[in-house]
Enquirer: 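Before I ask anything, let me first share the structure, which is written out below as structure tokens.
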Amino acid sequence: MSRPPISDTPMTGAERQARYRAARADGAPVVRVRRPADRRSRIQRWNDTIAALTTLQAEYAAWLDALPDNQQDSATAEALQAIVELDLSELQAIEPPRGFGRD
């Protein structure tokens with residue numbers, strides 16, 4: 001998700017530099033937010049992703065079951081049915097290789 005534009009036209013380099021210097025002249029501390037690094041192993045990320053897919057598939061199945069009768073032939077119902085019919089057992093059966101003693 002990107003930031004909304006400040007104005008209709010892009011700033012020139014001089015305008016951008018003046019804005020940067022003005023912000024630093026106020027003396028307000030600069031707050032930078034970093035996302036925490038994902039420290040999970042590849043195997044754990046794989047297992048978490050498969051679990052999330054299984055959960056989503058169950059939610060979509062519940063959504064399909066809750067559709068009213070007049071929407072059973074709609075594009076939404078067809079998409080939900082395609083998701084519900086996906087066979088995730090093959091993905092669940094895969095055991096990713098372990099890597100160089102770190103996993």
Side-chain angles (χ1 to χ4, degrees):
M1 188 165 111
S2 63
R3 289 186 187 171
I6 295 173
S7 66
D8 294 335
T9 59
M11 290 190 296
T12 64
E15 291 170 336
R16 191 173 294 110
Q17 185 177 20
R19 183 170 172 240
Y20 175 84
R21 288 182 176 167
R24 298 307 178 271
D26 291 342
V30 178
V31 178
R32 294 190 180 132
V33 178
R34 285 188 170 172
R35 290 187 203 155
D38 190 1
R39 303 274 185 212
R40 298 176 299 164
S41 68
R42 286 189 181 119
I43 293 174
Q44 187 60 47
R45 291 192 326 239
W46 174 264
N47 292 335
D48 292 346
T49 302
I50 298 303
L53 280 174
T54 306
T55 302
L56 279 173
Q57 189 178 37
E59 290 176 12
Y60 284 125
W63 182 9
L64 180 63
D65 292 339
L67 277 179
D69 292 336
N70 63 351
Q71 291 185 353
Q72 292 297 327
D73 295 329
S74 67
T76 301
E78 290 176 12
L80 290 172
Q81 187 65 37
I83 293 171
V84 169
E85 290 175 355
L86 285 174
D87 185 17
L88 298 179
S89 62
E90 292 179 20
L91 290 175
Q92 291 170 338
I94 294 174
E95 187 65 34
R98 299 183 71 81
F100 302 114
R102 292 181 301 224
D103 295 331

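Numbering starts at 1 and runs along the sequence shown.
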Enquirer: Take atom CG in Asp73; do more than 12 heavy atoms of anything else shown fall under 6.0 Å from it?
Expert: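 It does not: Asp73 CG has 12 such atoms or fewer within range.
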
Enquirer: Flag yes if Leu88 and Ile94 sit in one hydrophobic cluster, no otherwise; membership is Ile, Leu, Val, Met, Phe, Trp, Tyr, and two members link when side-chain heavy atoms are under 4.5 Å apart.
Expert: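 In one cluster with Leu88: Ile94, yes.
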
Enquirer: Other residues, nucleotides and ligands only: do more than 12 of their heavy atoms fall within 6.0 Å of CZ on Arg21?
Expert: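 Counting neighbours around CZ of Arg21, 12 or fewer heavy atoms of other residues, nucleotides or ligands fall under 6.0 Å, so no.
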
Enquirer: Over all heavy atoms of both residues, which pair between Val84 and Gln57 is shortest? Give the atoms and the distance, please.
Expert: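 Heavy atoms only, the tightest pair is O-NE2, 3.1 Å.
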
Enquirer: Which heavy-atom pair separates Arg16 from Met11 by the least distance, and what is that distance?
Expert: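 Answer, listing the atom of Arg16 first, then Met11: NH2-O, 3.1 Å.
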
Enquirer: Looking at Gln72 and Leu67, would you say the former's side chain and the latter's main chain have a donor-acceptor pair under 3.5 Å?
Expert: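 Side chain of Gln72 to backbone of Leu67: a pair is present.
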
Enquirer: Find the distance between CZ (Arg39) and CZ (Arg45) and round it off to the nearest 0.5 Å.
Expert: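 Nearest 0.5 Å value for the CZ-CZ distance: 12.0 Å.
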
Enquirer: In the structure I gave you, are the side-chain heavy atoms of Glu59 and Trp63 within less than 4.5 Å of one another anywhere?
Expert: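 Of all side-chain heavy-atom pairs linking Trp63 with Glu59, none is under 4.5 Å.
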
Enquirer: Hey, does the side chain of Glu15 reach the backbone of Thr12 with a donor-acceptor pair shorter than 3.5 angstrom?
Expert: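 Indeed, once roles are kept as given, a pair shorter than 3.5 Å links the two residues.
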
Enquirer: If every non-hydrogen atom of Gln92 is compared with every non-hydrogen atom of Thr54, which pair is closest and at what distance?
Expert: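 Scanning both residues completely, I find the closest heavy atoms to be NE2-OG1, 3.0 Å.
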
Enquirer: Decide whether Leu86 and Leu53 are clustered together by the hydrophobic rule: side chain heavy atoms of Ile, Leu, Val, Met, Phe, Trp, Tyr closer than 4.5 Å, transitively.
Expert: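 Looking at the clustering, Leu53 is in a separate group from Leu86.
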
Enquirer: Rounded at 0.5 Å granularity, tell me how far CD in Glu95 sits from CH2 in Trp46.
Expert: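 Spacing of CD (Glu95) from CH2 (Trp46) equals 10.5 Å.
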
Enquirer: Tell me whether Arg40 at atom CZ has more than 12 heavy atoms from other residues, nucleotides or ligands lying less than 6.0 Å away.
Expert: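 Atom CZ in Arg40 is packed in, count exceeds 12.
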
Enquirer: Measuring from atom CD of Gln81 to atom CD1 of Ile83, what distance do you get when rounded to the nearest 0.5 angstrom?
Expert: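 Nearest 0.5 Å value for the CD-CD1 distance: 10.5 Å.
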
